[in-house]
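The next block holds one structure in the form of structure tokens; read it before the comments.
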Amino acid sequence: MSIWLGLAGFGIVFFSAVLMVGLSYLRRKTPSVFRDIPAFTRLRQAVGLVVEDGSRLHVSLGRGALTTPQSASALAGLALLRRLADLTSAGDRPPIATSGDATLAILSQDTLQTSAKSSEQAVFDPAAGRLTGLTPFSYAAGAIPAIRDENVSANVLMGNFGVEVALLTDAVERESTFVLAGSDDLTAQAVIYASAPEPLIGEEIYAAGAYVESSPLHSASLTVQDILRWLIIAAILVGALLTLAGVL
Amino acid sequence: MNRKSPLSSFIAITSTAIAIASGVLVLAGYFFAQKSDGQASLLADIRLALLGWAITLAGFAIFIGVLNLLQAHFKKIQQKQKGSGYSLLLITFLVATFLFGLASPYFQGGPQYFNDVFSVVQLPVEASLMALLAVTLTYASIRLLRRRLNLLSVIFLVTALLILLGTAPLPFLGVIPGLGDWVRPFITQVMAAAGARGILLGVALGTLTTGLRILFGADRPYGGNK
């Protein structure tokens, strides 16, 4: 990477960071207002039902290894797992987390343990955060029994999936349980749109944390995303106009 | 809420500080990889060292992950849960494959036989799951209109149908004129490509803000209790 390109990248990240901090400071006193995403409203209802009827929540984190660019979606899934584990800590059974990457499995155990420690009622079960397979289809095949056999009433599939996610959504549909699904992979998003009742498209998976339990920094990060998106749109339009005018 | 012990507070603070410092150093190593004379900078060296450690740890994590898999299935068998027969099969073949892998270098053609375990067993099984997926997706597409009857679902299904018709020749009719040479390329190369780029830009922005939230310590997927 050239020095100028590096400086430009640093500039974008620094600008975003400053915006995020500034906006989160401004948002401390005003409640956050989000665009309505029906999937998250139904997720909150499903989580409430999990606590009431003593069933289980299943969070599948995909197979985005931490050393790859796909890790961001997995980290967003882990952040959501933490919040959902906190919300279901009053329930009879702890949530289960399945993943297709070993580092993610360890982090999911750590997340569940941290949540259990912070709650007086919750009990930590090391087998609740588990690796189900190391290849895409073995991961899906290993996660299906968790959906089917462990009294799960709500499923959250959030992370890096491929087309194998259809096997998971199909298993959920057979059990007639709730599923919210999102992936950073374009093919998987198309598959999820066709096969899941509550799909998350595009960057909606990264907004999950803010929708489930909002903090000023989370809501500020969504606003930063919107600001940057408008800046990109403006840059594309200006670029197109300049190209049409023969300047570029 | 539980009151945290000084040790757990210390661990939480230390892990958060180490995670944030590592993240900032790796990020800085990407942006300032070169000195003005073109040589690799100190930050780039630190980034490579940290990533090297991460890759080593990830390799070891696979071993722990497999132990975790064994533990989960042992528990299933012990508690005689539903599907424990499959767990027994999994453990039997996992141990057998592991032992076969250990022994394979010591007999003639062993490594080749060990590779065959993957290419003769695992690959066909995964290929059959892929084939199953075609049926699953077709069925899901048919149910889509029943589940979500709106304009987007109709567009989704019509587009899928047009692409299918434009890709494969129909029996007795052959290729429908205009579909394969105009409609399909227009949908895939113009409309789908434009939409995909928009979604990818959104994903990139989401990745950026997720990374920043972790650097700020707002999301802590490494055990640092909030």
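Residue numbers begin at 1 in each chain, while the letters A, B, ... track the order of the sequences.
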* Please look at Leu152(B) and chain A and tell me whether the side chain, the backbone, both or neither of the residue comes under 4.5 angstrom of a heavy atom of that chain. => both

* Heavy-atom contact with chain A under 4.5 Å, split by part of Leu132(B) -> side chain

* Tell me, out of Leu66(A), Val224(A), Leu167(A), who's got the most heavy-atom pairs with chain B below 4.5 Å. => Leu167(A)

* To do: With a 4.5 angstrom heavy-atom cut-off, could you sort out which part of Ala128(A) is near chain B: side chain, backbone, both or neither?
  => neither

* Structure fact -> For Glu198(A), the salt bridge (charged side-chain N to carboxylate O under 4.0 Å, His left out) test, sequence neighbours excluded, returns Arg42(A)

* Asked: Is the shortest side-chain N to carboxylate O distance from Glu173(A) to Arg143(B) below 4.0 Å?
  -> yes

* Is chain A contacted by the side chain of Glu126(B), its backbone, both, or neither, given a heavy-atom distance below 4.5 Å? -> both

* Asked: What part of Ile205(A) is in contact with chain B, defined as an atom under 4.5 angstrom from a non-hydrogen atom: side chain, backbone, both or neither?
  -> neither

* Residue Leu208(B) versus chain A: region with a heavy atom under 4.5 Å -> side chain

* Asked: Is any residue of residues 15-22 of chain A within less than 4.5 Å of chain B by heavy atoms, and which ones?
  -> Ser16(A), Ala17(A), Met20(A), Val21(A)

* **Contacting moiety of Lys35(B), where chain A heavy atoms sit under 4.5 Å** => backbone

* **Interface residue of largest heavy-atom contact number with chain B, from Gly202(A), Ser195(A), Gly142(A), under 4.5 Å** => Ser195(A)

* Asked: Any side-chain donor-acceptor pair under 3.5 Å between Arg130(A) and Thr98(A)?
  -> no

* Has the side chain of Gln189(A) got a donor or acceptor atom that lies under 3.5 Å from a matching backbone atom of Ser183(A)? -> yes

* Asked: Which answer fits Leu131(A), side chain, backbone, both or neither, if we ask what part of it has an atom under 4.5 Å from a heavy atom of chain B?
  -> both

* To do: Sort out for me which of Thr136(B), Ile62(B), Leu133(B) touches chain A most, counting heavy-atom pairs under 4.5 Å.
  => Leu133(B)

* Under the salt bridge (charged side-chain N to carboxylate O under 4.0 Å, His left out) rule, collect the residues that match up with Lys75(B), sequence neighbours excluded. => Asp125(A)

* salt_bridge(Arg63(A), Glu164(A)) N-O dist < 4.0 Å -> yes

* Per-residue contact mode, Leu186(A) against chain B (heavy atom under 4.5 angstrom) -> side chain

* Structure fact -> Interface check, chain B: of Ala79(A), Pro69(A), Ala196(A), most non-hydrogen pairs under 4.5 Å belong to Ala196(A)

* To do: May I ask you to decide if Gly129(A)'s main-chain N or O and Asn68(B)'s side chain share a donor-acceptor pair within less than 3.5 Å?
  => yes

* To do: May I ask you to say whether Asp219(B) pairs ionically with Arg83(A), meaning some side-chain N is under 4.0 Å from a carboxylate O?
  => yes

* Check for a donor-acceptor pair, side chain of Ser84(B) on one end and backbone N or O of Ser87(B) on the other, with a separation under 3.5 Å. => no

* To do: Could you tell me which portion of Thr103(A) (side chain, backbone, both or neither) has an atom closer than 4.5 angstrom to a non-hydrogen atom of chain B?
  => both

* To do: Please determine, by modelled atom types, if His218(A) and Ser221(A) share a side-chain donor-acceptor pair under 3.5 angstrom.
  => no

* Using 30° and 60° as the class limits, which term best fits the ring planes of Phe14(A) and Phe10(A): parallel, tilted or perpendicular? -> parallel

* Most heavy-atom pairs under 4.5 angstrom with chain A, which of Thr210(B), Leu144(B), Leu90(B), Leu129(B)? -> Leu129(B)

* To do: Assign the ring pair Tyr193(A) / Phe156(B) to parallel, tilted or perpendicular, where the plane angle (0 to 90°) is split at 30° and 60°.
  => tilted

* Asked: If you count heavy-atom pairs under 4.5 Å with chain B, which of Ala74(A), Pro126(A), Ser215(A), Ser71(A) comes out on top?
  -> Pro126(A)

* Asked: At a heavy-atom separation under 4.5 Å, does Ile214(B) approach chain A through its side chain, its backbone, both, or neither?
  -> side chain

* To do: Under 4.5 Å heavy-atom distance to chain B, tell me which part of Ile236(A) shows up: side chain, backbone, both or neither.
  => side chain

* Asked: Between Gln109(A) and chain B, which part of the residue has a heavy atom less than 4.5 Å away: side chain, backbone, both or neither?
  -> side chain

* Within 6.0 angstrom of Tyr86(B) OH, more than 12 heavy atoms from elsewhere -> no

* Asked: In terms of heavy-atom pairs under 4.5 Å with chain A, which of Ser153(B), Ala58(B), Gly211(B), Gly83(B) leads?
  -> Ser153(B)

* Asked: Residues in side-chain contact (heavy atoms from CB on, under 4.5 Å) with Phe10(B), at least two apart?
  -> Thr14(B)

* To do: Heavy-atom pairs under 4.5 Å with chain B are the metric here; pick the option from Ala105(A), Ser138(A), Ala76(A), Pro145(A) that has the most.
  => Ser138(A)

* Asked: Can you tell me if CZ on Phe114(B) sees more than 12 non-hydrogen neighbours from other groups inside 6.0 Å?
  -> yes

* **Side chain Thr111(A), main chain Leu107(A), donor-acceptor under 3.5 Å** => yes

